[in-house]
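Order of appearance sets the numbers: ligands from 1, and atoms from 1 within every ligand. What you see is a predicted model; the values in this text were computed from it and never measured.
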Amino acid sequence: MLITPGKLLAKIDSPEDLRKLDRTQLPQVCNELRQYIIDNVSVYGGHFGASLGVVELTVALHYVFNTPDDQLVWDVGHQAYGHKILTGRRDNFHSNRTYGGLSGFPKRKESIYDAFGVGHSSTSISSALGMAVASALQNHHERQHIAIIGDGAMTAGLAFEGMNHAGATDSNLLIILNDNCMAIDPNVGALKEYLTDITTSHTYNKLRDEVWNMLGKMSNFGKSAQEVVSKVETMMKTAILRQSNLFESLGLRYFGPIDGNDIGHLTEVLNDLKSIPGPKILHCLTVKGKGYGPAEKDQTKWHAPGVFDKITGEIKKKVYDTPQPPKFQDVFGNTLVELAEKNSKIVGVTPAMPSGSSLNIMMKAMPDRAFDVGIAEQHAVTFSAGMATRGEVVYCNIYSTFMQRSYDQVVHDVCMQELPVIFCLDRAGLVGADGPTHHGAYDIAFMRCVPNMIVSSPMNEQELRNLMYTAQLDIIQKGSQAFTIRYPRGNGVMPQWQTPFEEIKIGKGRKIKEGTDIAVLTLGPVGNYVVDAYSILEKEGIDVAHYDMRFVKPLDEAMLHEIFRLHDRVITVEDGCLQGGFGSAVLEFMIDNGYNSRVKRLGIPDSLVEHGEPAELHHECGFDIEGILDAIRSLMHTGATVSF
Ligand SMILES: Cc1ncc(C[n+]2csc(CCOP(=O)(O)OP(=O)(O)O)c2C)c(N)n1
């Protein structure tokens, strides 16, 4: 479907074209950009509310600053659609997030305007500071470095580490705090309260108006810039510091709050700030979903709504005649409440993903026992560890990819202290359209090498429930090991998923199918591909044995002895990295025990897998049905035993 940009937007092939326009034309550019985002996302899907909220900021930044020489660093990057459209990617924007198309996030390989690749939050301040320091070292003192960070992303420790460093330098760094009071769900924590206080403070606002009036009068700072700055500072310091401005106390000059959806004022202010040296922060208030009614009203739902009817605001969902399997995340959310009803020690933790993880079900049912700690994965893990020391049974739910942030906390604060925290890793494996920054590729490898850690993955909803049930039984019985349960994004395979709880013996796999020709060992839902391949293999006269191993640590050694005794051809399948993953664990067992079967491992290769539909990506990596069939056929046609 052809989406036509408005008159002005159609002529903007790069920010240079934008900068040729008259200031008075900018409101129209904003309208057209907003409309183009609505037109595209309604048809092709993607992130939505965040990009609408920063339309004015995006236009103002590219209008005022000399991009790409000046460095714009978007935090998280889910709000950068307008930036992509203004920087030469307008006509290809329909391919956003599709296989072979544009990435949904800024990406260095994609454009020189994407100063830093993102996807995970709170990296913008540190990376922009690094650029600013490098520019100074290279004598590019005129270059500007701008980090655009949301109030949600600002809650992470990394953002504070960046500010702590920046405030002690004289770097040419401008932090734009895009404050819309939202993360994906409403933002949480004391910082949020602080930002609201500073926004509504009467004294502060009066002073701010005076300051901006004064700045407004100075059309060109020129040589008087220093003088103005010091006057501004004196005024700010006397009044703002009296209120102990957090950012000022970290050594950043604080400006704002201003209306970040007012393009006229924004361009003036940014222009003024260009002449003010040193690290500084501009606090902008914006509305997530700005300009599209339904998205302004229900900001969580419209964070990434999927395709929708832009006229009625109806989000289009596929309609089915028969009951469909639930999402794994909902099985997690509902099962946790069921377990917590029986065991008052059970609590839930999420770092800023209540709706993404479905912990919001428990937050609603048991608000005192479910915690959203903000975008703070490291804290989420250590906080869980602290609760575990006092006997709480903690289900800490973190997306596999974001767990990478908290690895030291897993090692140092949980496993070394023999604390039994239960980690539920959602979005494990290839996630699809979000691409490489979000694929949960590495967790099997990085979790299985840590002592005092159990690592498991359910093949279906029933196994997820039973693993969740088993994890808390294990704590009650032993209580000294962490327990990881990894499961993917999206739906399972069992419409009737609310089965009675059954304990799964830790480290026990299950043989799903006997067979004599070849053994296929799977971990997690990829096992369903193998089940779907049975009938094709049968027709081809290949008798496959299939084992759902369930645990990668501890491995089911008895089962593996049986497998290697009976089979000289073995295939392992996992939705995780091949380096150090499940297949590697099976190989280690084989070598350590003196077997020498021919083993083929299927999984994520040692290269970045880009974005696309999960089925496309599984196919690319060779572990969809077709890939598994090919591997089985080719192994059947090679000599079996390897000679060493
Ligand atoms: C480390 C990390 N944790 C969690 C996420 C998931 N996530 C994506 S956007 C988002 C909310 C960001 O809020 P904010 O920075 O305020 O931006 P807004 O969407 O409000 O514009 C979250 C939690 C992430 N991208 N990175």
Side-chain angles (χ1 to χ4, degrees), residues 37 46-58 73-83 103-106 117-126 147-159 161-162 175-189 191-192 195-196 260-261 283-290 295-296 299-305 329 349-357 359-360 372-381 396-407 409 425-427 431 433-440 489:
I37 294 171
H47 289 103
F48 188 56
S51 279
L52 290 190
V54 296
V55 160
E56 286 75 15
L57 253 174
T58 308
V73 181
W74 296 93
D75 207 280
V76 185
H78 63 308
Q79 78 290 55
Y81 288 8
H83 160 82
S103 162
F105 299 96
V118 261
H120 288 201
S121 83
S122 320
T123 59
S124 62
I125 298 175
S126 300
I148 305 111
I149 181 167
D151 55 306
M154 191 60 113
T155 59
L158 180 56
E161 291 169 36
I175 299 167
I176 297 197
L177 173 58
N178 171 36
D179 182 3
N180 57 21
C181 297
M182 291 293 291
I184 295 176
D185 296 88
N187 199 11
V188 294
L191 179 68
K192 183 199 119 184
L195 292 175
T196 309
N261 290 123
H283 185 179
C284 293
L285 304 178
T286 62
V287 176
K288 197 163 175 173
K290 177 81 179 172
E296 285 190 30
Q299 295 172 324
T300 299
K301 185 160 142 195
W302 289 84
H303 178 80
Q329 68 178 72
V349 174
T350 173
M353 304 304 274
S355 37
S357 67
L359 189 74
N360 57 2
D372 174 3
V373 299
I375 309 183
E377 287 79 8
Q378 293 171 290
H379 165 66
V381 171
C396 177
N397 188 309
I398 301 188
Y399 283 16
S400 164
T401 188
F402 303 139
M403 183 53 116
Q404 292 160 199
R405 280 262 159 111
S406 1
Y407 191 47
Q409 285 68 28
L425 302 191
D426 195 335
R427 284 14 176 217
V431 293
D434 280 336
T437 55
H438 283 59
H439 293 324
R489 176 174 183 272

Ring pair (Phe, Tyr, Trp, His ring centres under 6.0 Å) involving H78 - partner list, sequence neighbours excluded:
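Applying ring pair (Phe, Tyr, Trp, His ring centres under 6.0 Å) to H78 gives H47, H303.
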Please enumerate all residues that pass ring pair (Phe, Tyr, Trp, His ring centres under 6.0 Å) together with F48, with sequence neighbours excluded.
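Residues passing ring pair (Phe, Tyr, Trp, His ring centres under 6.0 Å) with F48: Y292, W302, F308.
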Which N/O atoms of ligand 1 sit under 3.5 Å from a protein N/O, and at what distances?
unit_1, atom_1, unit_2, atom_2, d
ligand 1, 3 (N), E377, OE2, 2.6
ligand 1, 15 (O), A153, N, 2.9
ligand 1, 16 (O), D151, N, 3.4
ligand 1, 16 (O), D151, OD1, 3.3
ligand 1, 16 (O), G152, N, 2.7
ligand 1, 16 (O), M182, O, 2.7
ligand 1, 19 (O), H78, NE2, 2.7
ligand 1, 19 (O), K288, NZ, 2.7
ligand 1, 20 (O), N180, OD1, 3.1
ligand 1, 20 (O), N180, ND2, 3.0
ligand 1, 20 (O), M182, O, 2.8
ligand 1, 21 (O), N180, ND2, 3.4
ligand 1, 25 (N), G119, O, 2.9
ligand 1, 26 (N), S121, N, 2.9

Considering residues at least two apart in sequence or located in another chain, which fulfil the salt bridge (charged side-chain N to carboxylate O under 4.0 Å, His left out) criterion with D179?
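Salt bridge (charged side-chain N to carboxylate O under 4.0 Å, His left out) check on D179 returns nothing, list empty.
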If we count only N and O atoms by modelled type, under 3.5 Å, do the side chains of Q329 and R427 hold a donor and an acceptor together?
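There is such a pair (donor and acceptor under 3.5 Å, judged by atom type) between the side chains of Q329 and R427.
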Consider only side-chain N and O atoms of N397 and T350, and report whether a donor and an acceptor are under 3.5 Å apart.
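T350 and N397 do not have a side-chain donor-acceptor pair below 3.5 Å.
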Where is the tightest heavy-atom contact between H120 and T437, given as atom of each residue plus distance?
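Heavy atoms only, the tightest pair is NE2-O, 2.7 Å.
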